[in-house]
Amino acid sequence: SGGTVPRHRPSPSDMGRGLTMLLLPLALLAAPAQAEGGGAAAEEVKIEVLHLPEVCSPKSKKGDLLNAHYDGFLASDGSKFYCSRTQNEGHPKWFVLGVGQVIKGLDIAMMNMCPGEKRKVIIPPSLAYGQQGYAQGKIPPNATLIFEIELYAVNKGPRSVEAFNQIDKDSDKKLSELEISQYLKEEFARDGKKRHPSVHDEILADIFKKNDHDGDGFISAKEYNVYQHDEL
């Protein structure tokens, strides 16, 4: 099991890392299933707090960029189907909370969580992979999942005002192809990985395809700020 995730080590600059992160495929668990069946709506995520730091701040909210490790188990037999510590050279996962980058049950389970907190959560099938299951992840149909989660960092998410302003060099409240191209070059240089030049062009094209809704060649503040957790 696996899938690509952002391969960033935690650093202050991670707060501004957004476009590349949002447009590259994320974790194994990034295929939310729709709730199915008449009783699905009544099902809830059960949360048990295993450890709560004395200072519990900031608390996670929708749109925040989280850094966490988690292990996934099948409730039926306790077998482990996922361990983030064995993926990506053992680096914790970075993902944006509440926007569907992980299954719906994890988006719910990790709200109002603070750095250093540990939780054990039980997620019903309707908030995980439903009747289909997820064969690639070794998750059978109608599987209830258990996750043990340790949260390391809660940062302002990549679609924040700060991230937009960092990319918007001329402060005209819209992102040009040149500005985003420069941002990608800076991100790739910081990352230090060798990439074929075509990767830059492909990501740039993908960014505009997914974000430039009115097709004017710019990504406006409104088009960029899809999470609506900040006002620009």
Looking at [Y], is its backbone amide N or carbonyl O close enough to the side chain of [X] to form a donor-acceptor pair, meaning the two atoms are under 3.5 Å apart?
X	Y	value
H200	S181	yes
D168	F164	no
N211	I219	no
S84	P92	no
S60	M113	yes
D64	L66	no

Is any side-chain heavy atom of [X] less than 4.5 Å from a side-chain heavy atom of [Y]?
X	Y	value
L175	Y183	no
E148	Y70	no
L145	I122	no
L184	I207	yes

Could you work out, with salt bridge (Lys or Arg N to Asp or Glu O under 4.0 Å) as the rule, every residue matching [X], not counting sequence neighbours?
X	result
D107	none
K169	E186
K80	D71

If you take all heavy atoms of [X] and [Y], which pair is closest and at what distance?
X	Y	result
N165	K173	OD1-NZ, 3.7 Å
M110	I149	CE-CG2, 3.6 Å
G116	P53	C-CG, 3.6 Å
K120	I146	CE-CG2, 3.8 Å
M111	K62	SD-N, 3.8 Å
E43	S126	OE1-OG, 2.5 Å

Say whether F73 and I123 are linked into one hydrophobic cluster, either directly or through other cluster members, by side-chain heavy-atom distances under 4.5 angstrom.
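F73 does not cluster with I123.
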
| query | Do V199 and I180 belong together in a cluster built from hydrophobic side chains that touch within less than 4.5 Å? | reply |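 Both belong to a single hydrophobic cluster.
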
Name all residues meeting the side-chain contact (heavy atoms from CB on, under 4.5 Å) criterion together with [X]; count only those two or more places apart in sequence or in a different chain, and write none if there are none.
X	answer
S176	L178, E179, F218
E177	L204, F208
E54	none

Pair K209, E202 - check salt bridge (Lys or Arg N to Asp or Glu O under 4.0 Å), show working.
CA-CA 10 Å; K209 182 180 175 185; E202 285 169 14; over 6 Å; no

List for me each residue that meets side-chain hydrogen bond (donor to acceptor under 3.5 Å, both in side chains) alongside [X], sequence neighbours excluded, and say none if there are none.
X	answer
S57	none
S76	none
S198	H196
E117	R119

For side chain to side chain contact (heavy atoms under 4.5 Å, CB included), just list the numbers for N67 and F95, CA-CA rounded to whole Å, side-chain angles, deciding distance to a tenth of an Å, and then say yes or no. CA-CA 7 Å; N67 188 234; F95 66 94; over 6 Å; no

(Q) The criterion is ring pair (Phe, Tyr, Trp, His ring centres under 6.0 Å); which residues satisfy it with Y152, sequence neighbours excluded? (A)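 In terms of ring pair (Phe, Tyr, Trp, His ring centres under 6.0 Å), with neighbours along the sequence ignored, Y152 is linked to H69.
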
So how far is it from [X] [atom1] to [Y] [atom2], rounded to the nearest 0.5 Å?
X	Y	atom1	atom2	answer
L50	E150	CG	CD	10.0 Å
I139	T144	CD1	OG1	11.5 Å
Q132	N142	CD	CG	9.0 Å

| Tell me the disulfide bond (SG atoms under 2.5 Å apart) pairs involving residues 99-139, sequence neighbours left out? |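 Qualifying pairs, neighbours excluded: C56-C114.
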
Where does the angle between the aromatic ring planes of Y134 and Y129 fall among parallel (under 30°), tilted (30 to 60°) and perpendicular (over 60°)?
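Taking Y129 first and then Y134, their aromatic rings lie parallel (interplane angle under 30°).
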
